[in-house]
Number of protein chains: 2
Amino acid sequence: MKIRIVDIAKKAEVSAGTVDRYIHQRGKVSKKAAEKIQKAVKELGYEPDIMARNLALKKELKIICLLPDPKETKYWERPDAGIDKAIKELSSFKVLIEKIYFAPRVNAFNEACDHAIESKADGIIYVPIFFEESTLFAEKLIKLEIPFIHINIHHSEASPLSFIGQNAYDAGKVAASLCRMALRNNQEILITYISKEQQEYSHHHARIEGFVEFFENQNTQPTVHHLNLKVDEKDSIHENLLANFLSEHQNIKAIYVPNSRAYSIASILKKSKNTDKMIIGFDTLDANIQYMKEGVIDILIGQQSKSQGYNAIVLMFNAIFRKEKIAKTNHIPIDILNKENIDYYEGLMR
Amino acid sequence: MKIRIVDIAKKAEVSAGTVDRYIHQRGKVSKKAAEKIQKAVKELGYEPDIMARNLALKKELKIICLLPDPKETKYWERPDAGIDKAIKELSSFKVLIEKIYFAPRVNAFNEACDHAIESKADGIIYVPIFFEESTLFAEKLIKLEIPFIHINIHHSEASPLSFIGQNAYDAGKVAASLCRMALRNNQEILITYISKEQQEYSHHHARIEGFVEFFENQNTQPTVHHLNLKVDEKDSIHENLLANFLSEHQNIKAIYVPNSRAYSIASILKKSKNTDKMIIGFDTLDANIQYMKEGVIDILIGQQSKSQGYNAIVLMFNAIFRKEKIAKTNHIPIDILNKENIDYYEGLMR
DNA sequence: TTGTATGCGTTATCAG
DNA sequence: CTGATAACGCATACAA
């Protein structure tokens, strides 16, 4: 049978109002009353009725999500879609979920943070894309006692309520394990990191580390080359650099791209009809998927981007609305995708 | 702003009761009233408040789940766990979820079906493990107008409200694509199907078909051998059969097990120190995972068993409680698992 | 065929 | 500090 507030009120010989004040520690309750109520709660085992609570609630909770503008970086479309899904799903609850996009630049990030703080949220979800600024922001939030969750990028020094994302180091190892499976003896590997000037991300480096260190524990260790390219350079420069590198190192049979820009390498190789290389990259951007279906990209590592956005919201909701304690880290699976299984990816997330 | 029943009642110049009767088509409503209400609903856009509805509801919905006894077939532990998760999550709603286990035999299945029908459920979820009996059961349910969902095994002839599970044929292709990646020229493949006497499942055969047909579309086609074993036979018989087969066909480098019994092949190969074969199988049973971590099994194809159970319930709940229309087929991703990513599998499902 | 009143469990307000 | 009571939006029983 269901225990209601009035049930424990009767048992404790006080009124429902007092029980409510005790349970939610609002207003003052005398010691005598508190003790009696505590006893009654323990004996009867009260569980609040979420439905009734939500119906009676006056003010609504506010959750703010800060994320890089999907218009600027395509990757963020999917977490964004996940957030939208959560918004729809939670629409019958009294929660207001507000999204703030920021351009992937330090000052835009800072502005967004300030804006979020002004909005007086009950919980904040953000992507700690800039290390130091994120730390600063976290300190402010802690001072204001606003709980916050990190998604996608690991940054435990800011001690968020929870982190939800992939273990980048191990993701690199997974990529390496697939290279090892496919490569023959003496074949070599090239790691191409295409990044913006002065803007390399720690999780990309972790993916490289994991990849490299995987082979250090193997019996036979293929030669691993590195080639760093800058996003701002012209395509033709990349084409030349890559072509030269590959012709100097004829044994390279696999190219590892530790961020979502595999499509860019794929485009070069496709143009030059250099078709015998294996490409392995990250993230299911449309462009990546397209090249995978054409057979240019062989493997993509997926990180369930949509589900990350979705679950960040749901976690925060459960934490502040239902007062559940949530896990400090929520590691997303490291998904191996190829031409054959890509069509089913993130199936039930729609 | 939120539109309530009284809002549209006022607009339509009738009482809330009439609106309620119209919306839920209970009781009679005059044509004039119906039209006015319809117009008001269209203009204002009414969305029922799930919370308030649930609070006011008298009787609770009943959902029954029929699934093979996890005690008899280990595989079913995970869908079962998923069902439990859904039960917990929906506990604040007025739904009663009842599980019925059956031993994996025809008469036990039939008994369970009868029992389910007697229980007068509002929705039934079951595993159509026996083809003809499932068809019969489906016909009864249709006659009784009880909606039902199939999980894990595809059986569209019974025309369930929805099917949730993997595309077995494509899963076979995924397995094949990984073999192709790993195999060198001239290396051969062995398919071992370990089944019970007179009890082969169509989805296992589909996994074999998909596997075989994948290679038919490739340039170079490895030789594929077949070896069928019966579960009831002694281990030693299997050991001998396999040993003989492998010594007769020295070029076999990969063994494909189209059901969850890869551990059984792994155990044989481990014992005989036959360590250079690649094993690829299905499902993350503890035994399979164990052998994968030891390096005996190389690849497992996962089908998110827990999430299947969980989502079956949630889907049914949404269908009958929130009256959502749900997709006829819900294909689960075809997950590629190896030693490196297995620890993160089904991460957020806990 | 229609309108109205009561209750679901909680929150929030207000008078004691 | 405490108790009583009116919402919240909907379902349901009953009266008209």
Side-chain angles (χ1 to χ4, degrees), chain A residues 1-38 40-41 44-61 90-96 122 320-323, chain B residues 1-38 40-41 44-61 90-96 122 320-323:
Chain A
M1 210 208 74
K2 193 158 215 166
I3 304 300
R4 300 156 304 159
I5 282 192
V6 289
D7 294 323
I8 81 144
K10 205 183 296 173
K11 179 124 192 165
E13 296 172 301
V14 292
S15 78
T18 312
V19 174
D20 177 79
R21 281 184 289 268
Y22 171 79
I23 289 176
H24 298 87
Q25 36 226 273
R26 49 173 162 242
K28 306 281 168 184
V29 176
S30 71
K31 256 207 182 117
K32 275 173 259 170
E35 276 165 19
K36 283 195 289 185
I37 294 170
Q38 190 180 24
V41 167
L44 297 178
Y46 173 70
E47 283 293 333
D49 183 316
I50 305 291
M51 308 293 165
R53 156 178 305 170
N54 194 65
L55 187 62
L57 233 41
K58 292 279 190 217
K59 88 172 198 351
E60 57 182 5
L61 281 180
L90 296 179
S91 65
S92 22
F93 289 92
K94 292 220 172 52
V95 263
L96 177 66
D122 299 286
I320 64 187
F321 190 87
R322 326 177 85 127
K323 293 171 171 49
Chain B
M1 211 210 71
K2 191 155 216 169
I3 305 299
R4 301 157 302 160
I5 281 191
V6 289
D7 293 322
I8 82 144
K10 206 181 296 171
K11 178 123 192 165
E13 297 171 301
V14 292
S15 78
T18 311
V19 175
D20 177 81
R21 281 184 289 268
Y22 170 79
I23 289 177
H24 299 88
Q25 33 227 268
R26 46 175 164 238
K28 307 279 169 183
V29 175
S30 71
K31 257 208 180 110
K32 275 173 262 172
E35 275 163 20
K36 283 194 288 185
I37 294 171
Q38 190 181 23
V41 167
L44 298 178
Y46 173 70
E47 284 292 334
D49 182 317
I50 305 291
M51 307 293 164
R53 157 180 303 169
N54 194 66
L55 188 61
L57 230 42
K58 294 280 187 206
K59 84 169 193 9
E60 60 180 4
L61 283 179
L90 297 179
S91 65
S92 23
F93 289 92
K94 292 221 172 53
V95 263
L96 176 67
D122 299 287
I320 63 185
F321 189 87
R322 325 176 85 128
K323 292 174 173 46

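Letters A, B, ... are given to chains in the order of the sequence lines, protein chains preceding strands, and every chain is numbered from 1.
For the pair Lys10(A) NZ and dA4(D) P, the computed distance is 13 Å after rounding to whole Å. If you take NZ of Lys36(B) and C1' of dT2(C), they are 12 Å apart, rounded to a whole angstrom. Counting to the nearest Å, the P atom of dA12(C) and the NZ atom of Lys59(A) are 8 Å from each other. In this structure, Arg21(B) places its CZ atom 14 Å from P of dC14(D), rounding to the nearest Å.
Ala40(A) and Lys11(A) get closest at one heavy-atom pair: CB-CG, 3.8 Å.
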Side-chain polar contacts of residues 50-61 of chain A - donor-acceptor pairs under 3.5 angstrom, sequence neighbours left out - could you list them?
unit_1	atom_1	unit_2	atom_2	d
Asn54(A)	OD1	Lys94(A)	N	3.0
Asn54(A)	ND2	Ser92(A)	O	3.0

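Distance check, rounded to the nearest 0.5 Å: CG of Asp49(B) to CD1 of Ile3(B) gives 12.5 Å. The CG atom of Leu90(A) lies 9.5 Å from the CZ atom of Phe321(A); values are rounded to the nearest 0.5 Å. How far NZ of Lys10(A) is from CZ of Arg4(A): 7.0 Å, rounded to the nearest 0.5 Å. A distance of 5.5 Å separates CZ in Phe93(B) from CZ in Arg322(B), rounded to the nearest 0.5 Å.
Remark: Ser30(A) is in phosphate contact with dT2(D), judged by side-chain N or O atoms under 4.0 Å from OP1 or OP2. Of the side-chain N and O atoms in Thr18(B), one or more sit less than 4.0 angstrom from OP1 or OP2 of dG3(C).
For the helix from dT1(C)-dA16(D) to dG16(C)-dC1(D), the angle separating the two terminal helix axes comes to 50°, with each axis derived from five pairs and the value rounded to 10°.
Residue Ala16(A) is out of contact with every strand shown, counting any heavy-atom pair closer than 4.0 Å.
Among the candidates Ile37(A), Val14(A), Val29(A), the single residue satisfying the side chain to side chain contact (heavy atoms under 4.5 Å, CB included) test with Arg21(A) is Val29(A).
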Write down the protein N/O and nucleotide N/O pairs, taken from nucleotides 8-10 of chain C, whose separation is under 3.5 Å; answer none if there are no such pairs.
unit_1	atom_1	unit_2	atom_2	d
dC8(C)	O2	Leu55(B)	O	3.4
dC8(C)	O2	Ala56(B)	N	3.4
dG9(C)	OP2	Arg4(A)	NH1	3.1
dG9(C)	N2	Ala52(A)	O	3.4
dT10(C)	OP1	Tyr46(A)	OH	2.7
dT10(C)	OP1	Asp49(A)	N	3.4
dT10(C)	OP2	Ile5(A)	N	2.8
dT10(C)	O5'	Tyr46(A)	OH	3.4

Pair Lys2(A), Asp7(A) - check salt bridge (charged side-chain N to carboxylate O under 4.0 Å, His left out), show working.
CA-CA 9 Å; Lys2(A) 193 158 215 166; Asp7(A) 294 323; over 6 Å; no
